[in-house]
Structure formats: structure tokens, C-alpha cells
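In the text below, chain A, chain B and the rest are named by the order of the sequence lines, each starting its count at 1.
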Amino acid sequence: MRVALFVTCVNDALFPGTGRATVTLLRRLGCDVTFPTAQTCCGQMHLNTGYPEEGGRLARHFTDVFADCDAVVVPSGSCAAMIREQYVRLARVPASTASTASTAFAERVAETVPRVHELSEFLVDVLGVTDVGAYFPHRVTYHPTCHSLRGLRLGDRPVRLLEQVRGLDLVPLPAADECCGFGGTFAVKNPAVSAAMCADKARNVTATGAEVLCAADNSCLMHIGGALGRQRTGVRTMHLAEILASTEAVR
Amino acid sequence: MTFLGMPAFPANAAAAVRDSQLRFNLRKATHTIREKRASVVAELPDWARLREAGKQIKDHTLRNLERYLLQMEEAVTAAGGHVHWAADAREANRIVTGLVRETGESDVVKVKSMATQEIGLNEALAEAGITAYETDLAELIVQLGDDWPSHILVPAIHRSRAEIREIFLEKMADWGRPAPEELTDDPRALAEAARRHLRERFLSTKVAISGANFMIAETGTLVVLESEGNGRMCLTLPKTLISVVGIEKLLPTWRDLEVFLQLLPRSSTGERMNPYTSTWTGATEGQEFHLVLLDNGRTRVLADEVGRQALRCIRCSACLNVCPVYERAGGHAYGSVYPGPIGAILTPQLRGMSSPLDASLPYASTLCGACYDVCPVAIDIPEVLVHLRGRAPHPRAERLGMRAAGWVFDRPERLARAERLAGRLRRFVPRRAPGPGPLSAWTETRDLPEIPAESFRDWWTRTDGGTR
């Protein structure tokens, strides 16, 4: 199966290891992975911070770049949720103000968006696998992240994938469904509340005794991991793709 | 890139976050109500359909508001009541003050009402020499403590029972019957002191002011749901009753009320049914009744296609109780009688966003979506927050930074160059950035991620997708 990777700007610039792991994993499962190099950012930061002009421009760019792809895989819950929820809203223009450009965008959104899958959705729903042949002999706890949980409604897909990883000891995270306090620019616009939320999340993570905190979104992990690191907890953060890409050969 | 000037909510919240007593109270109270709500909602197999029905009834009513308001006016008038229309807070206060003056009384009792707090009625009455006595237990605590409510349902959520005891001992005597000298902080003793204090007030006061949870257009009936019974005394004992109600509180029929009598108690107090539900239609024997229909910005909200869903709100406060931001910041940080997620979308729409505080409210959320999931009328609060952020005034430095970031993201080659530059400078990123600005806001409590030497796209190009 031919798959286009939308790596996301955060992974591209800060977490390239997640992108490489996604490529490794998808190839191991028989996919032909392409990386359309014209891609940049889905526009989430701009749209969610109140800059619909820039955000809309980036949304149009995304739909142009991925227009002809059969399947687009995104290793980020919040970027996938952004594309699925907000692009559809952006495309909804009242008939009275519709232009050729807005109609073209709406058509492209209608064509492209249903083919965009978050990584665990793609594995479980499209490829139909939960055992991806991974080996990761560590104690791991999983944070579901808000946009994966309440935006995409990923449900137990990531957990089902992790449960099939050989050697992995999955321990439940207390108050897992609570937000970590990242919230994009919220983390710097409301740093006190953000830090207070993160302190509680970090406390719950360390209470599990896990070595690794896993999530399907590196932006949340950057936030929680930043606090875990500052507090010298010795807990590391790993994207779901990186755990699923691990095998005995690599270890 | 720096975000200029800390707006009001972040500063208020930063102070609240340091208050250990407040954090403890909020955490305990919100988690308790949150769990109660979750268990009684889970009991109903048709909750999702009730929620959808609640949403549709409200949307239908709002779309036909003019018709139902006129029907309401006609029915109330036919039942012997008087209907007054108030376009804004000033007009509503003038009407109510005038009505109280006509009775010749200088004291009024009040049943907890968000609408009268929104318009600052107590202050307006005080200016006219009229004293308003709050009779809801929590509102009494707030009034005696010369304080502000910090929660829609439990306005004194920020107070502990030890604090309440002190307030009662110090202040009750100034407002009527004093608290007993031997008062303890036992909740039962505190409630008994309030009961005796309020009972005297009910029996001696001739004018009452209320709000309403619902108005039923077909019969001109007002509905109040409460837990204490103080509201019912307030509604029935005085000779004159004045109800100030927002125009969005309408329901077309009693059949519609059936849906909301299931949605509201379960969402707000986590009860299957609230202890007291009072309904009244027009003037009853021996009582004069006035209904003040309040707009105060609601028509403007109704004109906004995305924002108007906020008018569906039935003030249950379920969104406050699940909000991680409210739980840490508390209600006062929102600077409005409507705190929490619903306040963050209602206040900027009702008041506009010209003050730094009001402009900061749409940003008082991580967009985590917990509020939308529990809302009994399915208000997509994150959607409205994002919509309002698009209209909020932005600090200049932030605007420039966002424009620059947009420019970089517009072209993949610009992004690649920016990533290479960051990779080259990665050794110079400080562990703690000097402030103020977003970088220091981050590094104060969190490490920055290590910037990689090579971006993903450069790796892909160099290795031909990892094949070389």
C-alpha cells in the first residue's frame, strides 16, 4: 500500500526520530512510504491561537500537497484532529460569500480529509493489525492526550497496539484522561496554570513506576517530558511510533 | 518572538495557583461533583439523546426567540403579571429600582440569580438606599464576606468551613440576627445559624427579587430549581416578586421542560432530581408580580453564527467541574459572574473584548475538550474559544511572531533553512531563557527539548528516504 507521511512540523524540526520510526514501522508492515517534501505545517498553532488567515493558508497548502494521495499517515493526534475537525469548519463558507477559491478548497477538503489517518488508526483500522512485531522490554505508561481521546476518539487503539509489544510491561496511568496543560500557546500564555497541570500529570506518571511515558503526540510529550526532565525523575518520553518500531534486531 | 504584556487572566490565575487552601478546596469540590455527575449520567441509557433534544429545543427557541418572547409576555400579562423589557444592565437596574421604590420598602430578599449579578443589581439598589439580602446559603456567605462568587452553582466554593465560621461570627450581626457565640465549624451548625438568620429576614421582608432557570412561553410560567428551600420562601412570602430573567431562558412548552428537568439536576449537583422545583404563573393571590426580560448583549451574541450556541447554556456548571484550568485558577480569575469554560466564551461575547481581561478569556483554556463532553446542551466550547481568539486583539509582538512563522511555513525551503539554522545554533539554547517572553515562560518550569542536528526532511533527502 502506498502511504504518504505527513510528519508534522514539530516532528520534522524537533523529533525527527519519530518520523524515522514511523517510516521503519510502516515499511515493516509492507507499506510503500513517500514523503511529499512540499509539506510544512497543518496550521494548528495559527488557527488555535487566533490567526485564521495564516492557519487557513497553511490548511490550503496541506490540501494541495496531499490532494492525490491514497492514504496520509500522521504521527500526531492533535495535527490529525486539527485536519479532521477544523479544516471541515474552515471549508464551511456561507453560499453568499463563497468564491471559486473557497469552493475549490471545500472540494479538496472533502476529498483529502477522509484519507488522513492518525498512526494508530491507520494501523488498527486500515491495515488491520495490532501486533506489529515489536519488542520493547520496558515498563511503559500511556498518556492518551486530549486530542487523541476527545478529538479523534482513538479509544483503546494505542493501548491494543502496546499490549501486543513483546516484553513491554504496560502500567495504567492514574487520571489519564486529564489534560497535561500543554495546549499549544497556552503553555506560554498561561504558564502558571500550565505548570500546575503539568506538575499533577508528572506526579501521576512517576507514581506508576514506569521508565517510559508514551503518547501519540510529541507536543504533549515535550511538555510533560520537559517537567520530568527538570525534576530529574529519570522517566523518559517516547512517541508510540518509536516503541512500535523497536525490534530485537535494533535493541 | 515575545508575547507582550501579560493579560489579566494569566496574572490572576498565577496568584490563585499559589494559594494552597484554594487549590485544596477547588480540587476536592470539583472532583466530588464531577464523580457524582458521571455516575448519575451513566445511569441513563438515553443521555446522548436527551442531550441532543436539549440542544435542538434551545436552538429552535433561539431561532424563533421573538415569537416566543411575545407569547411569554402575553401569557404573563393575561395571568395578572407585569412584563418589562430591559435592553441593557442600566435599564434593568432602573426598572427594578423603580419597582422597589413604588412599594415604599427599603429592604429586598433575593434568591440566587446570575442575571442580577451580571447587571450589578445589588450595587444599583444600594445606591438608591435599598438593601438586598442574599438568601442562598452560599450567596449569603459571599455577601457577608464582602466577596465575589467563584462558581455558578456553589458560589462560595473557595471558602473552607473554618473561614465560613469566622465570617458568620464577625459579620452576621451587621446584617440581622447574629450567629450564636458558641458557633462551631460543623456544617450542620453553620447551616442552622444561616437558617435562623435567614428565617427572620424572610418573615419581615415584603419585596423579593429572583431569577429563573426557565420560562415557559405557552403558559407564561417561570421555573426555579434549587436545593435549600430558601428560594421557595423568597418566591412565596413577600408581597411583591420581581424576576429578572435573560431572554435566552425561554422554552416553548412544558413538554420541553421535561427534557431539562432531567438534564439540569444530573449535570449540576449530580442528583437525579433537585429537592425544590418552584413554578409560578403571573400574579398569585396577594402577590404582585413583575417580570423583567433582560437582553444586555444577548441579541448581539445571537447574531454570531458560531458564538450563539453559548446562549443554550442552562448554567449547570458541569463544564467548570471538569475544567483543569478552572480547577487550578478558581472562579475569581475570570473576572466575571460567569467563570470557567462557559464564562470564557460568554463574558467576551456579552461584554466585548476591549479590556485586557476580557481579551484574555478566550485563551484561558487548553482546548482539551472535557467541557464539551459534559455539556448537557452540547455547546462546543472549544470551537467558540477558537472562533473568539480569531477576533481577539493580539499583542503586537505576538502578531509579528505569528506572521513570521506563517511566512516560514508558507514555503518548504524556508522551513528547511530555519531548521538548519536551529540545528547549527542548538548548542547555544539556554537551559533557562531570560524573561519576559514565551521562551522564559516555558523554561521556568520545563526543560527545552534537545534540538536535533538534522531535521527529518534533511534526513529524508540525504538518505533518499532511509534507503542509502
4.5 Å side-chain heavy-atom contact, [X] and [Y]:
X	Y	value
A/Leu228	B/Arg446	no
B/Val325	A/Phe186	yes
A/Asn190	B/Phe9	yes
A/Pro16	B/Pro452	yes
A/Gln86	B/Glu383	no
B/Tyr372	A/Arg150	no

Practice task
Using a strict cut-off of less than 4.0 Å between a Lys/Arg side-chain nitrogen and an Asp/Glu carboxylate oxygen, indicate whether B/Arg27 and A/Glu178 qualify as a salt bridge.
Solution key: no
How close do [X] and [Y] get, counting heavy atoms only, and between which atoms?
X	Y	result
A/Arg230	B/Asp447	NE-OD1, 2.8 Å
A/Asn48	B/Val386	OD1-CG2, 3.5 Å
B/Cys368	A/Cys179	CB-CB, 3.7 Å
A/Ala187	B/Trp442	CB-CZ3, 3.8 Å
A/Tyr51	B/Met402	CE1-CG, 3.5 Å
A/Glu54	B/Gly406	CG-CA, 4.3 Å

By a 4.5 Å heavy-atom criterion (distance strictly below it), what part of [X] contacts chain A: side chain, backbone, both, or neither?
X	value
B/Ala14	both
B/Arg420	neither
B/Leu367	both
B/Glu413	neither
B/Arg414	neither
B/Val17	side chain
B/Ser365	backbone
B/Arg389	both
B/Arg391	neither
B/Arg18	neither

Drop me the distance from [X]'s [atom1] to [Y]'s [atom2], to the nearest 0.5 angstrom.
X	Y	atom1	atom2	answer
A/Ser194	B/Glu444	OG	CD	11.0 Å
B/Phe456	A/Thr8	CZ	OG1	10.0 Å
A/Phe15	B/Ile451	CZ	CD1	10.5 Å
B/Glu305	A/Arg92	CD	CZ	10.5 Å
A/Thr49	B/His394	OG1	NE2	8.0 Å
B/Arg457	A/Asn11	CZ	CG	12.0 Å

Handout entry: Derivation of the salt bridge (Lys or Arg N to Asp or Glu O under 4.0 Å) call for B/Asp410 and A/Arg60
Key = CA-CA 10 Å; B/Asp410 276 340; A/Arg60 282 191 295 280; over 6 Å; no
Is it the backbone or the side chain of [X] that comes under 4.5 Å from a heavy atom of chain B, or both, or neither?
X	value
A/Val193	both
A/Leu221	neither
A/Leu58	side chain
A/Arg20	both

Chain B contacts, top residue of [options] (heavy-atom pairs, under 4.5 Å):
options	value
A/Gly55, A/Ala192, A/Ala13	A/Ala13
A/Gly183, A/Cys180, A/Gly184	A/Gly183
A/Cys146, A/Gly229, A/Gly181, A/Gly225	A/Cys146

Practice task
Could you please spell out the steps behind the ring-ring contact (aromatic ring centres under 6.0 Å, His included) verdict for B/Phe409 and A/His61?
Solution key: CA-CA 9 Å; B/Phe409 286 139; A/His61 181 72; over 10 Å; no
If you count every heavy atom of other residues, nucleotides or ligands that lies below 6.0 Å from [X] atom [atom1], does the total exceed 12?
X	atom1	result
A/Glu53	CD	no
B/Asp464	CG	yes
A/Arg232	CZ	yes
A/Arg153	CZ	yes

Practice task
Would you please go through residues 199-206 of chain A and name the residues with a non-hydrogen atom below 4.5 Å from one of chain B, in numerical order?
Solution key: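 Residues in range: A/Asp200, A/Arg203.
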Exercise for the section: Identify the residues of residues 33-44 of chain A whose heavy atoms come closer than 4.5 Å to a heavy atom of chain B, ordered by number, or report 'none'. Expected result: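 Interface residues of residues 33-44 of chain A: A/Val33, A/Thr34, A/Phe35, A/Thr37, A/Ala38, A/Gln39, A/Thr40, A/Cys41.
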Exercise for the section: Would you mind telling me which of B/Val408, B/Leu385, B/Val322, B/Thr443 has the largest number of heavy-atom pairs within less than 4.5 Å of chain A? Expected result: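 Maximum pair count with chain A is reached by B/Thr443.
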Practice task
Show your working on side-chain contact (heavy atoms from CB on, under 4.5 Å) between A/Arg89 and B/Asp380 and close with a plain yes or no.
Solution key: CA-CA 13 Å; A/Arg89 261 180 224 148; B/Asp380 193 339; 3.3 Å; yes
Exercise for the section: Show your working on side-chain contact (heavy atoms from CB on, under 4.5 Å) between B/Thr366 and A/Met197 and close with a plain yes or no. Expected result: CA-CA 10 Å; B/Thr366 61; A/Met197 289 165 69; 4.0 Å; yes
